[in-house]
Amino acid sequence: MNKIELVFATNNQNKLKEVKAMLPDFFEIKSLSDINCFEEIPETEATIEGNAILKANYVSNNYNVNCFADDTGLEVESLDGEPGVYSARYAGLDTNAMKNIEKLLFNLKEKTNRKAQFKTIIALNLGGKQFLFKGICKGSIIDQLRGTEGFGYDPVFIPTGFDKTFAEMSLDEKSNISHRGIAFKQLIDFLKNLSI
Ligand code: IMP
């Protein structure tokens, strides 16, 4: 089977690791640094979908490659979908995961509804066409941090049907049920069908 070469438009090593672990051998995944793309890719749209499309188009148009880009947000029901598209910079531009979590827990202090979901959108630009894939993982936000694995909001997110946070799961366990895992499974199924 011919290898499918695709650029994954990310600089996030955690995501690269997660995605590579899910992909079969017939994909040759290149990172942005592999194609000498070192500039900041714009993420200026107001929706998760918009940002995934913006990033994929930026890389395809500027580097003339097949590529996919993902964008993820945590949507909390009682906060009207916040932090959503602002998940990475919820506590400000100069922030980190811990500060984002602190702000989230503060805003949820008086709330009894702790329902939340992660949403991932993948935009794939392949052969001049664009395809979108979506993964949702529903769960709830707890009021204390638990676990040391993963990244971002993992220590406070318990997926529905489980009694541990994402940060208490192995990478495999998380990928099986996660928003990103679901979206990437769809991408992979799609590409497998193309390559038959
Ligand atoms: P990105 O679009 O994948 O870079 O995600 C944006 C932000 O959402 C990240 O900076 C994290 O704060 C959060 N996030 C994305 N995926 C996850 C995850 O799997 N677990 C926890 N937080 C995540």
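For clarity, every value in this text was computed on a predicted model and none was experimentally measured. When a residue number appears, it is its place in the shown sequence, counting from 1. In listed order, ligands and their atoms are each counted from 1.
Residues Cys137 and Ser178 approach most closely at CB-C, 4.1 Å, considering heavy atoms. Contact record, Lys99 with Thr95: CB-OG1, 3.5 Å, taken as the closest heavy-atom pair. Gln186 and Lys134 get closest at one heavy-atom pair: NE2-O, 2.8 Å.
Taking 4.0 Å as the cut-off between side-chain N and carboxylate O, Lys174 and Glu149 do not count as a salt-bridged pair.
Ring pair Phe8/Phe184: centre-to-centre distance below 6.0 Å.
Remark: Leu104 engages Leu74, Val76, Leu79, Pro83, Tyr90, Leu108, Ile141, Tyr153, Val156 in a side-chain contact (heavy atoms from CB on, under 4.5 Å) (not counting sequence neighbours).
For ligand 1, the 4.0 Å heavy-atom shell contains residues Lys15, Asp71, Thr72, Ser87, Ala88, Phe118, Phe151, Gly152, Tyr153, Asp154, Lys174, His179, Arg180.
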